[in-house]
Amino acid sequence: MRGERTTMAGVRKLALEEALALGPNWRHACHALLYAPDPGLLFRRIPLRYAVLMQMRFDGRLGFPGGFTELQDGSLEDGLNRELIEELGEAAGAFRVERANYRSSHAASGPRVVAHFYAKCLTLEQLTAVEKGAPFAKDHGLEVLGLVRVPLYTLRDGVGGLPTFLENAFIGAAREQLLEALKDLGLVEPGSVPGT
């Protein structure tokens, strides 16, 4: 699906090369889905499988950590890693999001902004360290109000868990990026992603 042109939440999907060639009048934002295998059980019976982090943003919507990158950052990934440390704290310096973690780019239909999306697999220890250190990050309480784990299960009622989580307000294409990544990375059981 990389490079395929589709519409997602009012934006156009682009190949990375096309997004980078948009010119100097465009701003670039980079965000990352951080996840880790999680062998835990909820209520000693519901397999967690993976821990996936999102954040509650300053505007009350859910999104992924990251932000705008500047030319002085060097590369998109350099800017993204700088943003991760600002929003998540020093524990985000224990790993690096690289070009190999790139997933997609989307151009906004209004302002000249292109959003680049990455997914990085961590160890559960790294992810837990990020969660513990996030309240001490530079942007905590300002741009970021807190981290949340995405419930990757559906309760017996068929509503609780992931289906209910998806009813929250998401920024831009974050909901669609989450669903696509969950499916493509095999983070949920086949057929368990609503709307796919």
Side-chain angles (χ1 to χ4, degrees), residues 8-11 16 19-20 26-36 38 50-108 110-152 165-182 187:
M8 185 185 283
V11 296
L16 179 60
L20 292 174
W26 285 78
R27 295 184 70 197
H28 296 265
C30 296
H31 296 87
L33 177 149
L34 303 176
Y35 68 100
D38 186 346
Y50 290 90
V52 174
L53 290 185
M54 291 192 79
Q55 63 186 17
M56 177 63 70
R57 294 164 31 95
F58 65 93
D59 57 10
R61 293 183 278 186
L62 292 169
F64 295 101
F68 284 105
T69 61
E70 303 297 334
L71 293 177
Q72 67 263 26
D73 288 325
S75 69
L76 293 175
E77 294 78 21
D78 290 339
L80 173 57
N81 285 293
R82 175 190 49 79
E83 282 288 327
L84 292 178
I85 291 172
E86 287 178 9
E87 293 185 1
L88 301 176
E90 292 303 318
F95 58 87
R96 183 167 168 77
V97 177
E98 300 288 351
R99 183 64 51 102
N101 305 124
Y102 170 81
R103 303 224 16 99
S104 63
S105 296
H106 295 85
R112 292 176 176 250
V113 174
V114 60
H116 306 281
F117 186 57
Y118 297 75
K120 174 76 174 177
C121 185
L122 307 176
T123 66
L124 190 55
E125 292 77 20
Q126 287 173 315
L127 188 129
T128 302
V130 167
E131 289 175 315
K132 287 179 181 177
F136 305 102
K138 175 184 167 216
D139 289 341
H140 183 79
L142 301 170
E143 290 182 38
V144 180
L145 301 181
L147 296 178
V148 296
R149 284 193 186 189
V150 178
L152 300 182
F165 182 82
L166 294 172
E167 292 178 11
N168 285 295
F170 292 81
I171 186 69
R175 182 181 188 277
E176 291 81 6
Q177 289 168 329
L178 171 65
L179 291 172
E180 186 176 277
L182 292 179
L187 303 183

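For clarity, every value in this text was computed on a predicted model and none was experimentally measured. Residues take their numbers from the sequence shown, with the count starting at 1. Because only heavy atoms are used, hydrogens play no part in the values below, and waters and symmetry mates are left out as well, while side chains stay in.
Taken from OG1 in Thr128 to CG in Leu53, the straight-line distance is 8.5 Å, to the nearest 0.5 Å. Here the CG-CG distance, from Leu152 to Leu178, works out to 8.0 Å after rounding to the nearest 0.5 Å. A distance of 3.0 Å separates CZ in Arg61 from CD1 in Ile171, rounded to the nearest 0.5 Å. In this structure, Met54 CE and Leu147 CG are separated by 11.0 Å, a value rounded to the nearest 0.5 Å.
Looking at heavy atoms from C-beta onward, Phe68 lies in side-chain contact with Val113 at the 4.5 angstrom threshold. Between Gln55 and Val148, the closest side-chain pair of non-hydrogen atoms is not below 4.5 Å. For the pair His31/Gln177, no side-chain contact is recorded, criterion being any heavy-atom separation below 4.5 Å from C-beta on. Side-chain contact check for Leu84 versus Val130: every heavy-atom pair is 4.5 Å or farther apart. Side-chain contact between Leu127 and Asp38 is absent, with no heavy atoms from C-beta onward closer than 4.5 Å.
Side-chain atoms of Arg99 do not come within 3.5 Å of backbone N or O of Glu77 as any donor-acceptor pair. Under a 3.5 Å cut-off, the side chain of Thr69 and the backbone N or O of Leu76 do not form any donor-acceptor pair. When atom types are taken as modelled, the side chain of Asn81 and the backbone of Gly93 share no donor-acceptor pair closer than 3.5 angstrom.
Taking the side chain to side chain contact (heavy atoms under 4.5 Å, CB included) definition, one finds that Leu142 meets it with nothing, sequence neighbours left out. With sequence neighbours left out, Glu83 forms a side chain to side chain donor-acceptor pair (under 3.5 Å) with no residue at all. When the ring-ring contact (aromatic ring centres under 6.0 Å, His included) test is applied to Phe64, the partners found at least two apart in sequence or on another chain are Phe117. Taking the ring-ring contact (aromatic ring centres under 6.0 Å, His included) definition, one finds that Tyr50 meets it with nothing, sequence neighbours left out.
Taking all atoms of both residues into account, the shortest heavy-atom contact from Leu122 to Ala36 is O-CB, 3.2 Å. Ala94 approaches Gln126 most closely through the heavy-atom pair O-NE2, 3.7 Å. Heavy-atom minimum distance, Ser105 versus Leu16: OG-CD1, 3.9 Å. Taking every heavy atom of both residues into account, Gly89 and Ala137 meet most closely at N-CB, 3.3 Å. Shortest non-hydrogen contact noted between Pro65 and Leu80 is O-CD1, 4.2 Å.
Crowding of Glu98 atom CD: a count of heavy atoms from other residues, nucleotides or ligands under 6.0 Å exceeding 12. Other residues, nucleotides and ligands contribute only 12 or fewer heavy atoms inside 6.0 Å of the CZ atom of Arg27.
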| request: Test side-chain contact (heavy atoms from CB on, under 4.5 Å) on Leu145 and Arg57 and set out the steps. | output: CA-CA 6 Å; Leu145 301 181; Arg57 294 164 31 95; over 6 Å; no

| request: Start with the C-alpha distance between Leu187 and Val150, add both sets of side-chain angles, then the distance that settles side-chain contact (heavy atoms from CB on, under 4.5 Å), and finish with yes or no. | output: CA-CA 11 Å; Leu187 303 183; Val150 178; over 6 Å; no

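Among residues at least two apart or in separate chains, salt bridge (charged side-chain N to carboxylate O under 4.0 Å, His left out) pairs with a member in residues 113-134 are Glu131-Arg149. Counting only residues at least two apart or in different chains, side chain to side chain donor-acceptor pair (under 3.5 Å) contacts with residues 135-144 are absent.
Relative ring orientation between Tyr118 and Tyr102 is described as perpendicular, the plane-to-plane angle rising above 60° on a 0-90° scale split at 30° and 60°.
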